[in-house]
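Here the structure is laid out as structure tokens; the discussion comes afterwards.
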Amino acid sequence: MDSSIEDAGALPPETGVAAEAEPVAVVAPGGAPAAEAEASGVVAEASGVVTGTPGPGADGGVAVRPPAAPTSLSPSRAGDFMQCPLLYRFRVIDRLPEKPSEAATRGTLVHAVLERLFDAPAVERTAPRAKSLIPGQWDRLRENRPEIGELFADDPDGERLARWLGEAERLVERWFTLEDPARLEPAERELFVEAELDSGLRLRGIIDRVDVAPTGEVRIVDYKTGKAPRPEYAEGALFQMKFYALVVWRLKNVVPRRLQLVYLGSGDVLTYDPVPADLERVERKLLALWEAIRQATETGEWRPRPTKLCGWCDHRAHCPEFGGTPPPYPLPVRAPGSLPVEQGRMGPD
């Protein structure tokens, strides 16, 4: 793997990517940009995870989407299945609620601040300006996701919240040591993308930032509020980025020139320059993964895969590895000897 920590300021010189590639301008279904899609639930559909308590329905009751077979794959859900097939089932099919965490919520907050900073003119994209956006974005986040209030319900004096917000400020400040937003004019921010492969498999996800150079070269950027992985784990970290690159390639017939992970927790930038052969390998891996998901969906066999990450799982009470019992399987199970459904399409669109 040819990856390196390099300067994040500008795209590299032209290396064969189509010079007239237009900006990637894919929006959420119905034409809603990603920010609006998040509020309307499109982002939740892309991730398949239900957090907190479901909100009220139109009749005043609780609105809970009924269990259904998966119809698409995102980087997060692909990662879930590779980590633990039973976790994938709990999140995608059973849609069990999960409690918000401080780390994930801080990541959401920092992402929102970095996205909104680009609304300002280039000369005003400073660290003080970015930090000044944190209170407003925190208020907006709590308004859109009331369950987040549970995080600091036992903090009447606000001391823990103040420390938490201070950590968010430090992550935002560190970004300015890695990139110069005054030199950047993103083509897209928080971009919802979706593509259907020839097999019928739908890939979808949200790209933090898409930069397009004057020469037409495309760079995909993702912010991480954690620390960069050790070199032996870098390939796993790049899986998400190669997933996005594959979607862009299938949508626009342009291989992104650079994939860039910006680790705000450790102050590192991990880059990778993909080639078509890389993305073809990712596509084959995703097709094999989807076939395994299809089989598990039809048979109802979702096996747990215990790892050190189990300690952070919200679903241990339902996991056999911890003495729990999964909820009754909500989908029909294919009878032995019956023909499987067409690959790539397991449920209604």
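In this chain, numbering begins with 1 at the start of the sequence shown.
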- request: Please lay out, stage by stage, how Lys285 and Leu289 fare under the test side-chain contact (heavy atoms from CB on, under 4.5 Å).
  value: CA-CA 6 Å; Lys285 179 176 183 177; Leu289 189 65; 5.5 Å; no
statement: To the nearest 0.5 Å, atom CD1 of Ile207 lies from atom CD1 of Ile220 at 4.5 Å
- line: Correct closest heavy-atom pair for Pro186 and Phe118 would be CD-CD2, 3.5 Å
field: Working for side-chain contact (heavy atoms from CB on, under 4.5 Å), residues Gln240 and Asp222
entry: CA-CA 9 Å; Gln240 172 190 7; Asp222 193 77; 3.5 Å; yes
Side-chain donor/acceptor of Tyr244 to backbone N/O of Ile206, under 3.5 Å: yes
- prompt: Once you round to the nearest 0.5 Å, how far does OG1 of Thr105 lie from CZ of Arg145?
  reply: 5.5 Å
query: Can you tell me if Tyr272 and Asp278 form a side-chain donor-acceptor pair at under 3.5 Å?
result: yes
message: Testing the basics here: between Ala69 and Thr297, what is the closest heavy-atom pair and its distance to 0.1 Å?
response: CB-CG2, 4.0 Å
Please report, to 0.1 Å, the donor-acceptor pairs under 3.5 Å made by any side chain of residues 124-134, with sequence neighbours excluded.
unit_1	atom_1	unit_2	atom_2	d
Glu124	OE1	Arg129	NH1	2.8
Arg125	NE	Ala120	O	2.9
Arg125	NH1	Pro181	O	2.9
Arg125	NH1	Leu184	O	2.6
Arg125	NH1	Glu185	OE2	3.2
Arg125	NH2	Ala120	O	3.2
Arg125	NH2	Glu185	OE1	3.2
Arg125	NH2	Glu185	OE2	3.1
Thr126	OG1	Arg129	N	3.3
Lys131	NZ	Glu173	OE2	2.8
Ser132	OG	Arg129	O	2.6

- prompt: Would you say Trp175's side chain and Leu114's backbone share a donor-acceptor pair under 3.5 angstrom?
  reply: no
- request: Show the numbers, then the answer: is there a side-chain contact (heavy atoms from CB on, under 4.5 Å) between Glu98 and His315?
  value: CA-CA 8 Å; Glu98 298 182 356; His315 307 302; 2.9 Å; yes
message: Could you report the tightest heavy-atom contact between Pro229 and Ala237, atom names first, then the distance?
response: CG-CB, 3.8 Å
field: Co-membership, hydrophobic cluster, residues Val247 and Val275, 4.5 Å side-chain
entry: no
task: Establish whether Leu141 and Phe152 are linked, either directly or via other cluster members, by ILVMFWY side-chain heavy-atom contacts under 4.5 Å.
output: yes
task: Run the salt-bridge test on Arg189 and Asp119 with the 4.0 Å N-O cut-off and return the result as yes or no.
output: yes
message: Do Trp249 and Val282 make a side-chain contact, defined as non-hydrogen atoms from C-beta onward lying under 4.5 Å apart?
response: no
query: Between Asp211 and Arg219, is there a donor-acceptor pair closer than 3.5 Å when you use the side chain of the first and the backbone of the second?
result: no
query: What is the distance from atom CG of Leu86 to atom CZ of Arg89, rounded to the nearest 0.5 Å?
result: 6.5 Å
Presence of salt bridge, Arg258 and Glu217, under 4.0 angstrom: no
message: Is there a continuous path of hydrophobic side-chain contacts, each under 4.5 Å between heavy atoms, that joins Phe176 to Val262?
response: yes
query: So how far is it from Leu203 CG to Glu283 CD, rounded to the nearest 0.5 Å?
result: 7.5 Å
task: Indicate the atoms forming the closest heavy-atom contact of Leu264 with Leu171, along with that distance.
output: O-CD2, 3.6 Å
query: Would you call Glu291-Arg294 a salt bridge at under 4.0 Å N-O?
result: yes
message: Within the 4.5 Å heavy-atom criterion, are Cys313 and Phe90 side-chain neighbours or not?
response: no
Enumerate, atom names and distances included, each donor-acceptor pair closer than 3.5 Å involving a side-chain atom of residues 302-310, sequence neighbours excluded.
unit_1	atom_1	unit_2	atom_2	d
Trp302	NE1	Ala296	O	3.3
Trp302	NE1	Tyr329	OH	3.3
Arg305	NH1	Met82	O	2.4
Thr307	OG1	Leu309	N	3.1

query: To the nearest 0.5 Å, how far apart are CD in Glu102 and CG in Leu151?
result: 6.0 Å
query: Judged by atom type as modelled, is there a donor-acceptor pair below 3.5 Å linking the side chain of Arg77 to the main-chain atoms of Arg91?
result: no
- prompt: Checking side-chain contact (heavy atoms from CB on, under 4.5 Å) for the pair Val221/Asp208: CA distance, chi angles, key distance, verdict?
  reply: CA-CA 6 Å; Val221 180; Asp208 287 347; 5.8 Å; no
For Leu270 against Ala234, the heavy-atom pair lying closest together: CD2-CB, 4.3 Å
- request: Heavy atoms only: give me the nearest Leu251-Glu194 pair and the separation to one decimal.
  value: CD2-O, 3.2 Å
field: Test item: Asp157 side-chain N/O and Glu159 main-chain N/O as donor-acceptor pair under 3.5 Å
entry: no
query: Are Val92 and Phe81 linked, directly or through other ILVMFWY residues, by side chains that come within less than 4.5 angstrom of each other?
result: yes
- request: Check for a donor-acceptor pair, side chain of Asp268 on one end and backbone N or O of Tyr263 on the other, with a separation under 3.5 Å.
  value: no
message: Other residues, nucleotides and ligands only: do more than 12 of their heavy atoms fall within 6.0 Å of CD on Glu232?
response: yes
- prompt: Is His111 reaching over with its side chain to a backbone N or O of Tyr223, donor-acceptor style, under 3.5 angstrom?
  reply: yes
- prompt: When you check the gap from the basic side-chain N to the acidic O, do Glu167 and Arg106 get nearer than 4.0 Å?
  reply: yes
field: Parallel, tilted or perpendicular, as decided by the 30° and 60° cut-offs, for the rings of Phe239 and Phe243
entry: perpendicular
message: Quick test of your reading of the model: are Arg116 and Glu190 salt-bridged, counting only N-O distances below 4.0 Å?
response: no
- prompt: Does Val333 share a hydrophobic cluster with Leu331, counting links as ILVMFWY side-chain heavy atoms below 4.5 Å and allowing steps through other members?
  reply: yes
message: In the structure I gave you, are the side-chain heavy atoms of Leu286 and Leu197 within less than 4.5 Å of one another anywhere?
response: no
statement: In this structure, CD of Gln83 is separated from OG of Ser76 (nearest 0.5 Å) by 11.0 Å
- request: Evaluate the side-chain proximity of Leu109 to Leu165: yes if any heavy-atom separation is below 4.5 Å, no if none is.
  value: yes
